[in-house]
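First comes the structure, then the notes that go with it.
Residue numbers start at 1 and run along the sequence shown.
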Amino acid sequence: MATTTPTLNQTQTVLRTENLNVYYGNFLALKNICLNIPKNKITAFIGPSGCGKSTLLRCYNRLNDLVDSFRCEGKVYYYNQDLYASSIDPVEVRRQIGMVFQKPNPFPKSIYENITFGAKINGYRGDMDELVERSLRQAALWDEVKDKLKQSGLSLSGGQQQRLCIARAVAVQPQVILMDEPCSALDPISTIKIEELLQELKEQYTIVIVTHNMQQASRVSDMTAFFNVEPTGKGGRMGYLVEHDNTEVIFQNPQEKSTQEYVSGRFG
């Protein structure tokens, strides 16, 4: 279970885990994760099902707190702040570190209200019309919906709904955007649009994306972390980090045999 750590060329680290173990009850889901996420880069998490990619993603914005049996050991830092310190408000964490899910999940409200919902909750006092336009432009959706802002977000196509969810996420002005397989439910054309959008968004945001699509990981990410699983007895499987490096290294010259076998399609 060797783990390599890349040289980040002085790039600032936004998220950092140190010896992180994640449990659901007595089940150890992730073991000893040490990983740095660099600022204004796209980091892809790849690996077979059950290796803990989504679990780790949810550790970054404390969504796992909503699972009664969840507990963790070790440290998760946002810059130099311990995200699991007793003084930390999970709601504020989720404002700074937004999430886009696998299946588009617009609110059953108008396109306009989808964008303004989080801003209102967070006490935004600026121009709401300007916020809506800016957020939709950032999500490359403005030109498609500017004349139907009062229509339901649910009336949009799947790809448009996912971009609406991205616009909703950026509207609260986070620092980090987490994406859990954001294109898996989309058609190829919508997927391309999302991938192009990610390249624009990384200029302003740090992005972490979970994907099972190796071509997507190689296309869109700057860094890639490969996770694998090992049996734990009684049918259990524990996830661990095998290798983390620049994406071209992971796909062209990985250090570990299992990484090479996974990215070449021999298993997973």
Side-chain angles (χ1 to χ4, degrees), residues 12 14-15 37-44 57-58 60-63 78-79 83 90-146 148-149 151-154 156-186 190-211 216 220-222:
Q12 187 175 14
V14 176
L15 293 164
I37 303 296
K39 186 175 182 178
N40 295 120
K41 302 287 186 183
I42 300 174
T43 299
L57 200 71
R58 290 164 180 260
Y60 290 139
N61 72 344
R62 296 196 51 174
L63 273 181
Y78 172 57
Y79 292 101
L83 287 181
V91 175
E92 176 60 22
V93 171
R94 293 170 199 143
R95 196 193 73 76
Q96 295 289 327
I97 304 174
M99 187 83 158
V100 175
F101 296 94
Q102 179 176 3
K103 184 178 179 181
N105 60 342
F107 299 142
K109 299 175 179 289
S110 71
I111 294 168
Y112 188 97
E113 290 172 309
N114 264 270
I115 304 301
T116 61
F117 183 81
K120 289 178 179 177
I121 288 178
N122 287 290
Y124 181 77
R125 299 192 178 191
D127 186 323
M128 284 295 183
D129 290 346
E130 190 274 334
L131 174 70
V132 169
E133 180 175 347
R134 183 177 72 244
S135 302
L136 289 169
R137 284 189 183 280
Q138 283 187 286
L141 190 57
W142 173 252
D143 289 340
E144 297 171 42
V145 303
K146 62 183 179 182
K148 48 185 178 181
L149 296 177
Q151 292 185 19
S152 171
L154 298 174
L156 300 175
S157 69
Q160 289 175 324
Q161 286 186 21
Q162 192 65 301
R163 281 183 284 148
L164 177 61
C165 292
I166 293 172
R168 188 177 68 197
V170 302
V172 297
Q173 300 178 311
Q175 298 295 311
V176 180
I177 301 175
L178 309 175
M179 297 186 169
D180 195 355
E181 297 190 64
C183 300
S184 65
L186 304 182
S190 296
T191 295
I192 290 172
K193 288 184 178 180
I194 297 290
E195 290 180 0
E196 291 174 346
L197 173 59
L198 294 183
Q199 297 304 318
E200 297 176 13
L201 289 175
K202 78 174 183 180
E203 299 298 320
Q204 299 180 57
Y205 305 97
T206 298
I207 298 171
V208 187
I209 179 172
V210 169
T211 180
Q216 181 175 80
V220 305
S221 68
D222 303 292

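Put simply, CG on Leu197 and CD1 on Ile207 are 7.5 Å apart, with the number rounded to the nearest 0.5 Å. Atom NZ of residue Lys146 and atom CG of residue Leu136 lie 11.5 Å apart, to the nearest 0.5 angstrom. Here Glu133 contributes atom CD and Leu149 contributes atom CG; the two are 9.0 Å apart, rounded to the nearest 0.5 Å. For the atom pair CD1 (Ile209) and CD1 (Ile194), the distance works out to 9.0 Å, reported to the nearest 0.5 Å. Taking CG of Leu186 as the start and CD of Glu181 as the end, the distance is 11.5 Å to the nearest 0.5 Å. In this structure, NZ on Lys193 lies 11.0 Å from OG1 on Thr191, to the nearest 0.5 angstrom.
Taking all atoms of both residues into account, the shortest heavy-atom contact from Val172 to Ala119 is CG1-N, 3.9 Å. Contact record, Thr43 with Pro38: OG1-CD, 3.7 Å, taken as the closest heavy-atom pair. The two residues Cys165 and Pro106 make their nearest non-hydrogen contact at SG-N, 3.8 Å. Here the closest heavy-atom approach between residue Ile115 and residue Ala167 is recorded as CD1-CB, 3.5 Å. Of all non-hydrogen atoms in Pro182 and Val210, the two that sit nearest each other are CD-O, 4.0 Å. Contact detail for Tyr60 and Val93: the closest heavy-atom pair is O-CG1, 3.8 Å.
Between the side chain of Gln199 and the backbone N or O of Val220, at least one donor-acceptor pair lies under 3.5 Å. No donor-acceptor pair closer than 3.5 Å links the side chain of Asn122 to the backbone N or O of Tyr124. A donor-acceptor pair under 3.5 Å is absent between the side-chain atoms of Arg62 and the main chain of Arg94, judged by distance alone. Side-chain atoms of Arg137 never come within 3.5 Å of backbone atoms of Trp142 as a donor-acceptor pair (strictly under, hydrogens ignored). Here the side chain of Thr206 pairs a donor or acceptor atom with the backbone of Asn40 at under 3.5 angstrom. Side chain of Gln162 to backbone of Phe101: a donor-acceptor contact under 3.5 angstrom is found. In this structure, the side chain of Asn114 engages the main chain of Phe107 through a donor-acceptor pair within 3.5 Å. Asp180 places no side-chain N or O within 3.5 Å of a backbone atom of Gln102 that could act as its donor or acceptor partner.
Counting heavy atoms from C-beta on, the side chains of Asp222 and Lys202 come closer than 4.5 Å. Between Gln204 and Val170, the closest side-chain pair of non-hydrogen atoms is not below 4.5 Å. Between Val176 and Ile37 there is no side-chain heavy-atom pair separated by less than 4.5 Å. The side-chain heavy atoms of Pro108 and Leu154, taken from C-beta on, include a pair separated by under 4.5 Å. Residues Leu164 and Val145 form no side-chain contact, since every pair of their non-hydrogen atoms from C-beta on lies 4.5 Å or further apart. Put simply, the side chain of Leu83 does not reach to within 4.5 Å of the side chain of Asn61, judged on heavy atoms. Annotation: side chain of Ile166 is in contact with side chain of Met179 (closest heavy-atom distance under 4.5 Å).
Every pair passing salt bridge (charged side-chain N to carboxylate O under 4.0 Å, His left out) that includes a residue from residues 160-174 is listed here, sequence neighbours excluded: Glu144-Arg163.
A side-chain donor from one of Gln96 and Glu92 sits under 3.5 Å from a side-chain acceptor of the other.
Tested against Tyr205 for a side chain to side chain donor-acceptor pair (under 3.5 Å), the candidates Gln175, Glu200, Gln138, Gln173 yield a single pass: Gln138.
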